[in-house]
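In the text below, chain A, chain B and the rest are named by the order of the sequence lines, each starting its count at 1.
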Amino acid sequence: MASGPSWRRTHTCGELRKAHVGQTVVLNGWVHARRDHGGIYFLDLRDRYGLTQVVIDERLAGSIKLAPEFVISVRGVVSAREGAQINSERPTGEIEVLAQSIEVLSTSPLPPIDISGATETALETRLKYRYIDLRRPQMQRNLAHRSRFINAMRRAFERQGFLEIETPILTKATPEGARDFLVPSRVHPGEFYALPQSPQIFKQILMVAGLDRYFQVARCFRDEDLRADRQLEFTQLDMELAFVEEEDVFATWEQVMRDTFKEALGIELPIPFPRMRWEEAMERFGVDKPDLRFGLELHAVDAWARASEFQVFRSAVEAGGRVMGIAVPAQYSLSRKDITELETVAKGIGAKGLAWWKAGATGGSGPLAKFCASPQAAQSLMSTMGAAEGDTCLFIADRTSLTRKVLGELRNQLGRRLGLIPKLSSTTDAAQWRFTWVTHFPLFEWDEDAQRFFSAHHPFTAPEDWSLGGALDGATPDLGSLSSRAYDLVLNGWELGSGSVRIHRADVQQKIFSLLGIGPEEQKRKFGFFVEALSYGAPPHAGFAMGLDRITALTLGLDNIREVIAFPKTASAVDLMCGAPSLVDLEQLIEVHVRSVLPEPKPGAAPA
RNA sequence: GGGGACGUAGCUCAAUUGGUUAGAGUACCGGCCUGUCACGCCGGUGGUUGCGGGUUCGAGUCCCGUCGUCCUCGCCA
């Protein structure tokens, strides 16, 4: 028997069953709901584990003032409920606790959040009073799911011989990539630590150090604007292996995902996951994170366009661009209004227009009909598009990247609008979880504003061709066409994470830096230690990191990661509960040798 | 930085073309009720319509500014 104060609970509010009838128990929890019948009243007591009905007969328990969200201790006897009194909706519905005494442990004013879930409280209020919001059974379920999911992943990695190793939070600023969060050094005036955007360099160095198989549940920080699926700080399951290539990483993760889905969700995922080169994903789906739960794939109609009389199509192809389309089956009967709305979407992304054609062997209808007047032209377009009589074909003609981007977005919107995406809520149907690896991303991407190339993934990514198209030997290849050994894992249109085979050769690493415009002096200052580490016997290695906020939200059928983060920030990067960020005392700034230089106040702005 | 939506009672929302004292549901408080579990019935409290300015005889409603929240583009190696 546990000793302790008289109010200490003997059971939780989700625990008592018929087998406990007759026992004297003590429950602790929050007053969830009351139903007063005069002389007798019913109380639902709530904790993390559930609800238990407490029956209060004032002749036994005495008169006591209870209001919502009071924290109380109830001592009483477990009693069976009979017949119509049984609540079959609740696990504890076959019993109730007859109160003998009640002690109020804590009181509460009327809470600003409806904990019962009858109304959906504004997010702003939920975040300000997060400690109340988190009492809601749904949030407790979300956080419990997250905990179970991540722990299952941990076990899955340990079974495969991985070591969990922590890396520093106070580290060195990373050039390239996202904006860093900086932390001033008190000891070294004028110098700064940075919070890690990821443990990338550390995990590679762990491979050089011979740790061979590393993983970590790692907090990452990126000072960029937030989104529904992005926070300033987020959590990754980060990992790295030595003496491996792509397929070893894929196989490891497939097993981890299979184990985790089975343990945390009871779902038997089929493995291996399909693989698809980046170029194929872009060509078939228009995006690098294809949602494979529905069809509506893109079709290239460049050849047809080149031969056609339609000037818009011809000139797009002749200018080096593309003409591509989506065929929407006749059964979805896309209306003129639907098409106009889709055109608005397309133009919003940057398309000049949206051409459409209702397929027909005798020319069909719509703006393209007159270019399909000949049966040959109509038939050829239908077969290129994989379209049948009556299907609606939507076309974009533009430079390659925009054509893909617009059609990719239209495809996703059509998938949603036409109801092609099944609901994920609490499903155990493995077929609804469509994973795919997307491989061989481009190595570099051209940045128009900066007028230079950047790493598409990060500068430690191995090229598909170690000679870098001859650049290693002094040639000057077209950097934009080089392919990398970077890969993403995609689930139902979400990017779950990314990784790559790394560069383990100091010469190739230095060449990549040079191609990115980072000269020898800058390389030495920023990455000298890392290149030096590579020079001391670096094994071939590769790795991956998965966004845990995203995967845990997705597996709950949620599309906002705030629902699986205990204390998230708003879209403007504010913690509404504690009021961060905030001003600090001048003394604190002086101590870390920092002076605030504020932007000019906006004219007409209200005084603070 | 750009675009869009929103801000009214503790919570969720309504309020006609600018027009009487800003309403409803729910919650809460009080009363009644011994088997409810969305308890029921009766009564009641509760409002700086985010904030500031303007137009008007009159502003929740129109205009300007500002603050905040959400979504989104840019951004996120």
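- For the pair A/Asp114 CG and B/A27 C1', the interatomic distance rounds to 8 Å; values are reported in whole Å.
- Nucleic acid contact class of A/Pro109 (heavy atoms, under 4.0 Å, all strands): none.
- Relative to the ring axis of A/Phe454, A/Arg452 places its NZ or CZ within 45° and under 6.0 Å from the centre.
- Contact annotation for A/Lys405: backbone-only contact, meaning every heavy-atom pair under 4.0 Å involves sugar-phosphate atoms and none involves a base.
- Between the side chains of A/Gln204 and A/His541, at least one donor N or O sits under 3.5 Å from an acceptor N or O.
- Contacts of A/Glu120 with the nucleic acid, taken as non-hydrogen atoms under 4.0 Å apart, involve only primed sugar atoms and P, OP1 or OP2.
- Using a 4.0 Å heavy-atom distance criterion, A/Ser198 is classed as a base contact.
- Heavy-atom distances under 4.0 Å link RNA chain B to A/Glu224, A/Asp225, A/Arg227, A/Ala228, A/Arg230 of residues 224-241 of chain A, given in residue order.
- Distance A/Asp44 CG to B/G35 C1': 13 Å, rounded to the nearest Å.
- Distance OH (A/Tyr41) to P (B/G30): 10 Å, rounded to an integer number of Å.
- Contact check on A/Arg562 versus A/Asp133 returns no salt bridge, with no Lys/Arg side-chain nitrogen under 4.0 Å from an Asp/Glu carboxylate oxygen.
- Taking atom P on both B/C57 and B/G50, the two are 25 Å apart, rounded to the nearest angstrom.
- A ring pair (Phe, Tyr, Trp, His ring centres under 6.0 Å) with A/Phe544 holds for exactly one of A/Phe215, A/Trp253, A/Tyr214; it is A/Trp253.
- In this structure, the CD atom of A/Glu124 is 11 Å from the P atom of B/C11, given to the nearest Å.
- Within the nucleic acid shown, A/Ala178 comes within 4.0 Å of sugar-phosphate atoms alone, with no base atom in reach, counting heavy atoms only.
- One atom, CG of A/Asp36, and another, P of B/G35, lie 12 Å apart when rounded to the nearest Å.
- When heavy atoms are screened at a 4.0 angstrom cut-off, A/Phe454 is found touching no nucleic acid atom at all.
- Taking atom CG on A/Asn412 and atom C1' on B/C71, their separation rounds to 17 Å, with Å as the unit.
- Going from atom CD1 of A/Ile56 over to atom P of B/U34 covers 16 Å, rounded to whole Å.
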